[in-house]
Amino acid sequence: MTKEQDTPVFDRIVSLAKRRGFVYQGSEIYGGLGGTWDYGPMGVRLKNNIKNLWWKKFVDDRMDMYGVDAAIIMNPRVWKAVGHVDGFTDPLCECLKCKRRFRTDHLGERAESKKCPECGGELGESRQFNMMFETHVGAVRDSSSIAYLRPETAQGIFVNFKNVVDSFHPKLPFGIAQIGKAFRNEITPRDFLFRTREFEQMEIEYFIRENEWEQYFEVWRKDMREWTKSIGLAQKNIHELEVEGADRAHYSKRTIDFEYSFPFGRKELYGLAYRTDFDLRSHSEASSVDLSYQDVESGERFVPHVIEPSFGLDRTVLAVLLEGYTEDTLGDEIRRYLKLPSYLAPVSVAVFPLLRNKSELVTRAHALHEILRKKNFVTAFDDNGNIGKRYRRQDEIGTPLCITVDFTTLEDDTVTVRDRDSGEQERVKQDELGMYIEERISRV
Ligand code: ATP
């Protein structure tokens, strides 16, 4: 059997993610389903912490942002209007020998040599493959009932532009934000959470006047960079790529990809695009509903332009896991742990009784655990195995603080608090614990 130490680091992270309940293969007991993953108890907390931080930073803490949560299945005319029914495609080519399918633009030089990267067989001609998942709405299954699972959250925002304007009368510039699922029938899902067929996006459409686009593009570029810092991504791993004309989506006049140095290469983490007035104008024309905006002061009426910062949530979870994964030696053992920003960790504080067979310690530890839980900290209780093993379990899920109730606690009401990264321990008075933890896990 191969020792875990001999496997590539990416495989070790995937294995930790499974072992510690972050991410499981989708429909695993049936052999899985390509391009789908399920979040387990720790993963869903990590993902929610990222979502909540994003929502707080970009929606709740600002006066110019409005949140929506639109339906995943939308009227198919939405996708016709913006060209997705015909154009939401990736180039596909198939091996004539082994029948495997590849994205032509991912094949590099092999696309020119027309050789299958798997079996060396001949590759067929490249053709466009539409990635939208089709379904039928209602009891009749014919072409009139076709609908699509949304391939991006953006259109749920554009179709609600008028609703938000009519309800809140916001002044330009303002943004509408949405977090939600998107679906793409990717030709080759791969690299764990990186390329999946069902994923979550956190998107903003920021409405502006046309002549302001360069200014707000730069503002969002800076804000996106700041965000990568706030989730603990090392700046040496973030690269901004100016996307050239031919590679840009048809609606975009400028796009910057924020790439991350993944173990499988430098790849897109987020995108920032200037979408002009393409979407609002297309929906106005197709629906015959006026989606222009009237400036209350000048009376001027026009269709706003838009800057779109788009963040993939699952790629964020992956980057945060990769960035946090650390190996060091404690004593003479190799320790694997997740050095997550404390405010993103799935568990903030774990409580242990030193010995599980000493009822005074167990009772005190349970009581303390309950007190901390009532203070709204996300807590864990563990009395299984020796303290070293318990520390290691918490380290692997990135718990920043572990508290042990020991015999000294019974004498002077202090507990041992152990720090995940340094392994150092200090004694803290029980009645000062709330403040102590608050300070240690507060947001940047
Ligand atoms: P790629 O070039 O990698 O296919 P894209 O340019 O098509 O990505 P966008 O349409 O700009 O991606 O989507 C915005 C964001 O949604 C991406 O930056 C990424 O974080 C996320 N995303 C897109 N496709 C996927 C996917 N298949 N799996 C996971 N996340 C995705």
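All ligand and atom numbering here is 1-based and tracks the order in the structure.
- Residue contacts with ligand 1 for F199 involve side-chain atoms from C-beta outward but no N, CA, C or O (heavy atoms, distance under 4.0 Å).
- Heavy-atom minimum distance, C119 versus C95: SG-SG, 3.6 Å.
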R390/N384 under side chain to side chain donor-acceptor pair (under 3.5 Å): CA gap, chis, key distance, verdict: CA-CA 7 Å; R390 296 183 218 163; N384 201 355; over 6 Å; no
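- Less than 4.0 angstrom separates some heavy atom of Y270 from each of these atoms of ligand 1: 18 (O).
- Taking the six-membered ring where the residue is Trp, F264 and F194 present perpendicular rings, their angle passing 60° and hence far from 30°.
- Between Y391 and F352, the ring-plane angle classifies as tilted under the 30° and 60° cut-offs.
- Those atoms of ligand 1 that come under 4.0 Å of a heavy atom in R103, given as number and element, are 4 (O).
- Among all non-hydrogen protein atoms, the one lying nearest atom 30 (N) of ligand 1 is R315 NE, 3.4 Å.
- In the vicinity of G271, heavy-atom distances shorter than 4.0 Å reach the ligand 1 atoms 18 (O).
- Contacts between E200 and ligand 1, counted as non-hydrogen atom pairs separated by less than 4.0 Å, are absent for every part of the residue.
- Taking distance alone, with nitrogen or oxygen atoms compared against 3.5 Å, L269 approaches ligand 1 more closely than that limit.
- Classification of the F158-H283 ring pair by plane angle, with boundaries at 30° and 60°, yields tilted.
- Paired with Q201 under the rule side-chain contact (heavy atoms from CB on, under 4.5 Å), one option of L313, D314, T153 passes, and it is T153.
- Atom 16 (O) of ligand 1 has as its closest protein heavy atom Q201 NE2, 3.2 Å.
- The ring-ring contact (aromatic ring centres under 6.0 Å, His included) with F311 is formed by just one residue from the set F258, F199, F58, W55; it is F58.
- Among the atoms of S310, none of the N or O lies under 3.5 angstrom from an N or O of ligand 1.
- Residue contacts with ligand 1: T196 is included, with a non-hydrogen atom under 4.0 Å away.
- Y206 and Y216 have tilted rings, their planes meeting at an angle from 30° to 60° on a 0 to 90° scale.
- By the criterion of a heavy-atom distance under 4.0 Å, the side chain of R184, and not its backbone, is placed next to ligand 1.
- For a threshold of 3.5 Å applied to N or O pairs, the pair formed by D314 and ligand 1 contains no separation below that value.
- Using a 4.0 Å heavy-atom cutoff, F194 is listed among the residues neighbouring ligand 1.
- Residue G312 places at least one N or O, backbone or side chain, under 3.5 Å from an N or O of ligand 1.
- At a 4.0 Å cut-off, at least one heavy atom of R195 sits close enough to ligand 1 to count as contact.
- Aromatic ring pairs are classed by plane angle as parallel below 30°, tilted from 30° to 60° and perpendicular above 60°; the pair F168 and Y66 is tilted.
- Here the rule is side-chain contact (heavy atoms from CB on, under 4.5 Å) with R45, and of L344, I50, V378 only V378 fits it.
- In terms of polar-atom proximity, E268 is counted as a contact of ligand 1, with an N or O under 3.5 Å from an N or O of the ligand.
- Residue contact annotation: M202 has no non-hydrogen atom under 4.0 Å from ligand 1.
- W37 has its ring centre less than 6.0 Å from the ring centre of F192.
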